[in-house]
Number of protein chains: 2
Amino acid sequence: MDIDTRLLRYFAAVAEQGNLTGAAERLYVSQPALTKQIKQLETRVGTALFVRSRNGMALTEAGRALAERVPGLLAGWDLALRETRATASRAARVLRVGFLASAANEATQRIIAEFTRRRPGWRAEMRQASWANPSAGVADGEADVALVRLPFPGQDALRVTVLFTEPRCVALPEAHPLAARDVIPFRELWDEPFVAAPAETGAWRDYWLAAGEREGRPVRVGAVTDQPDEWLSAIANGYGIALAPESAARFYARPGVVYRPVTGVAPSRVGVARDPADDDTPAVRDFVRCCVAVASTAPGGEAGCGP
Amino acid sequence: MDIDTRLLRYFAAVAEQGNLTGAAERLYVSQPALTKQIKQLETRVGTALFVRSRNGMALTEAGRALAERVPGLLAGWDLALRETRATASRAARVLRVGFLASAANEATQRIIAEFTRRRPGWRAEMRQASWANPSAGVADGEADVALVRLPFPGQDALRVTVLFTEPRCVALPEAHPLAARDVIPFRELWDEPFVAAPAETGAWRDYWLAAGEREGRPVRVGAVTDQPDEWLSAIANGYGIALAPESAARFYARPGVVYRPVTGVAPSRVGVARDPADDDTPAVRDFVRCCVAVASTAPGGEAGCGP
DNA sequence: CGATGTCCATGCCGACAGGTTATGGACGCA
DNA sequence: TGCGTCCATAACCTGTCGGCATGGACATCG
């Protein structure tokens, strides 16, 4: 009997959530659609998987048996897909390079140039990731290697080499009172609303909110964005301010947004991440070497941020 | 990314077969449908999985990577499905009993009666299997236990208890010259066309053709059937004759078909089969005990076949 | 004790994906 | 050159999925 993995995901979501309405929301489908799908799964399997009641859907014994297996099946398909794609790109001599907006900035181009010099015949395929995905695709197998900002959640499962550090500055709306200052101590920003990354990015988000450098003061979040454009708009529109690496002042200049040096926050580290299993893949290893080589000779961000 | 296992089966078939036309035939779909599906799989995965040529479809490197994983995934889903169904029937106190047409015949009812007596609250769900499936559903998890005729292919992977043996007789069209005889030596049937089971049943088919008792003479197959009704029709219509257990004379009597005792062929054995993993499941164990108990007190087929 | 909220189920409709048949195009072979 | 064997494409039909609106059961609460 055939089945779509989508149905299995639906099933897993309902099983975990315990009710249709919530699961439907999580899955971005309507509740009737889920009702129908779950019912269809039950007829296909030939037995009830849930008992319905006013407080949701509880797994039957058969449902539990299925629920135990489904995550493994989904993970298996996922793995197969990732390996197939990885094989394809390797066969085509393509290195899939993920990068986080603002990760390596000017170093990026020099790294790519160095890589194509060192590996003629290969092509680096650049893929910009949203901030909701701070490993830039390495964690989910969409990229072979990625330029990232540290720290980020899930980092321990990957191999990460730190390339360089870069002071952080603050991005403010032009009209902000503090925009007139040349240098701003971070403590003066404690009570400002911040433009933050999505909640699921955990440690990464906290790091850019400098949650550890507020001496316990709570963070005010004025907006949540996962892309540079939205981020810039949110700041320009006054929803909040944000910390950013120095190089953002050059890469993400925009009317209405100004960058100012900040004291009292640790600098940001840029790294190159890859799956430990790929670490001895020649192309990956070469890319990492290029990163290190470029970083060691980098001009760095001496320009700093400022008016 | 989601996918239907059907697509994976399609892929596996094409990968194995090496061309679309043949694979389409094997899958009982049209070749254009397969073309479209494979193409869709490739766009979904994001890479070519086959290289097309005049002599078919050859796997690319990525295709090979996928082809390595797919059988495991399909088997995994299959297993999950079987376990879920098995769990469901156990929870409902239902024992799924497969039986081959003509397997235990009159003993069947007594076994069921004994089982319901020994396990009140339980229900035996009888499922007749076609001869194309000589384990009657135990091998593929559709039944918890089955009454079968031995030997059959795949029997070694299961636990089988022999219940009783039963002489074999021959079923002939009424008008057949040999129908006038009281007892027929098997050697006189060597050159008759036989009504056989489907080829994929291997040893089982051979056993009912008495392939080992022909001293090397080839078998003539006049018709292939996998159900009693077709089998009776084929015999009545003169497409061939067939060996059958004695009890068939009582259970499958039909105008136009007569049964006669045969000498020179080994008797048939009836057994109860179950998955080794289920052998200590209480309900299964009890059912087997019932089978043994009934078999030991069975009246047997003393009536024999004959006019 | 009716009003409300929260579940899941159902009916209807539009969009789309999958299947089929018929046909085209490339290529090797007699 | 004509034929057979591949795979690709086109046109069409149907079944399924998803969305919206709504219904029904039941608990909770003023």
Side-chain angles (χ1 to χ4, degrees), chain A residues 1-64 66-67 70 74 77 81, chain B residues 1-64 66-67 70 74 77 81:
Chain A
M1 203 212 57
D2 288 315
I3 197 171
D4 197 306
T5 53
R6 184 173 33 82
L7 246 182
L8 296 182
R9 284 192 304 108
Y10 284 6
F11 168 75
V14 175
E16 192 184 324
Q17 181 95 12
N19 73 77
L20 283 177
T21 320
E25 205 166 311
R26 243 175 56 185
L27 294 165
Y28 302 106
V29 296
S30 69
Q31 169 263 315
L34 244 195
T35 298
K36 258 193 292 192
Q37 292 301 307
I38 295 294
K39 200 165 292 187
Q40 198 203 26
L41 179 61
E42 288 181 321
T43 58
R44 292 252 276 267
V45 173
T47 184
L49 299 170
F50 296 97
V51 285
R52 278 83 166 157
S53 75
R54 44 209 137 293
N55 9 290
M57 317 267 289
L59 286 168
T60 61
E61 217 169 304
R64 267 194 302 282
L66 186 58
V70 162
L74 293 174
W77 164 240
L81 188 61
Chain B
M1 201 212 59
D2 289 314
I3 196 171
D4 196 307
T5 53
R6 185 173 32 83
L7 244 181
L8 296 182
R9 286 192 302 107
Y10 284 7
F11 168 75
V14 175
E16 192 184 324
Q17 181 96 12
N19 73 77
L20 283 178
T21 321
E25 206 165 314
R26 243 175 54 184
L27 294 165
Y28 302 107
V29 295
S30 69
Q31 168 262 313
L34 244 195
T35 298
K36 252 196 293 191
Q37 292 301 308
I38 294 295
K39 199 166 291 186
Q40 198 203 33
L41 179 62
E42 289 182 321
T43 57
R44 292 252 276 266
V45 172
T47 181
L49 299 170
F50 296 96
V51 285
R52 278 82 166 158
S53 74
R54 46 213 134 290
N55 8 288
M57 315 268 288
L59 285 168
T60 62
E61 218 170 303
R64 267 196 301 281
L66 186 58
V70 162
L74 292 174
W77 163 240
L81 188 60

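Hydrogens, waters and symmetry mates are skipped; everything else that's a heavy atom, side chains included, is used. Each chain gets a letter, A, B and so on, in the order the sequences are listed, and its residues count up from 1.
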Visitor: Apply salt bridge (charged side-chain N to carboxylate O under 4.0 Å, His left out) to B/R44 and list each qualifying residue two or more places apart in sequence or on a separate chain.
Guide: none
Visitor: Under the ring-ring contact (aromatic ring centres under 6.0 Å, His included) rule, what pairs show up with a residue in residues 13-49 of chain B, not counting sequence neighbours?
Guide: none
Visitor: For a 4.0 angstrom threshold against heavy atoms of chain A, report the outermost contacting nucleotides of DNA chain D in 5' to 3' order.
Guide: D/dC17 to D/dA27
Visitor: Given 3.5 Å as the limit, does a donor-acceptor pair link the side chain of B/D4 with the main chain of B/L7, or not?
Guide: no
Visitor: Tell me which donor-acceptor pairs under 3.5 Å the side chains of residues 33-41 of chain B have, and how far apart each pair is, sequence neighbours excluded?
Guide:
{"unit_1": "B/T35", "atom_1": "OG1", "unit_2": "B/Q31", "atom_2": "O", "d": "3.1"}
{"unit_1": "B/T35", "atom_1": "OG1", "unit_2": "B/Q31", "atom_2": "NE2", "d": "2.9"}

Visitor: Does the side chain of A/W77 come within less than 4.5 Å of A/L8's, by heavy atoms?
Guide: no
Visitor: Does A/D2 have any side-chain hydrogen bond (donor to acceptor under 3.5 Å, both in side chains) partners at least two apart in sequence or in another chain, and if so, which?
Guide: B/T5, B/R9
Visitor: Rounding to 10 degrees, work out the angle separating the end axes of the helix from C/dC1-D/dG30 to C/dA30-D/dT1 (five pairs an end).
Guide: 10°
Visitor: Please list, chain by chain and in numerical order, all residues satisfying salt bridge (charged side-chain N to carboxylate O under 4.0 Å, His left out) with A/E16, sequence neighbours excluded.
Guide: A/R26
Visitor: Suppose we screen for salt bridge (charged side-chain N to carboxylate O under 4.0 Å, His left out). Which residues come up paired with B/R64, at least two apart in sequence or across chains?
Guide: none
Visitor: Could you give the CG-to-C1' distance, from A/N19 to C/dT6, as a whole number of Å?
Guide: 10 Å
Visitor: Taking only distance into account, with no hydrogens and no angle test, what donor-acceptor pairs under 3.5 Å do side-chain atoms of residues 46-53 of chain B form with protein atoms, sequence neighbours excluded?
Guide:
{"unit_1": "B/R52", "atom_1": "NH1", "unit_2": "B/E42", "atom_2": "OE1", "d": "3.0"}
{"unit_1": "B/R52", "atom_1": "NH1", "unit_2": "B/E42", "atom_2": "OE2", "d": "3.0"}
{"unit_1": "B/R52", "atom_1": "NH1", "unit_2": "B/F50", "atom_2": "O", "d": "3.4"}
{"unit_1": "B/R52", "atom_1": "NH2", "unit_2": "B/E42", "atom_2": "OE1", "d": "3.0"}
{"unit_1": "B/S53", "atom_1": "OG", "unit_2": "B/N55", "atom_2": "N", "d": "3.2"}
{"unit_1": "B/S53", "atom_1": "OG", "unit_2": "B/G56", "atom_2": "O", "d": "3.4"}

Visitor: How does each nucleotide of nucleotides 13-27 of chain C score, in 5' to 3' order, for protein heavy atoms under 4.0 Å: base (B), sugar-phosphate only (S), or none (-)?
Guide: -----SBBBB----S
Visitor: Can you list everything that forms a side chain to side chain contact (heavy atoms under 4.5 Å, CB included) with A/A12? Sequence neighbours excluded, please.
Guide: A/V70
Visitor: Does OP1 or OP2 of C/dC8 have a side-chain N or O of A/K39 closer than 4.0 Å?
Guide: no
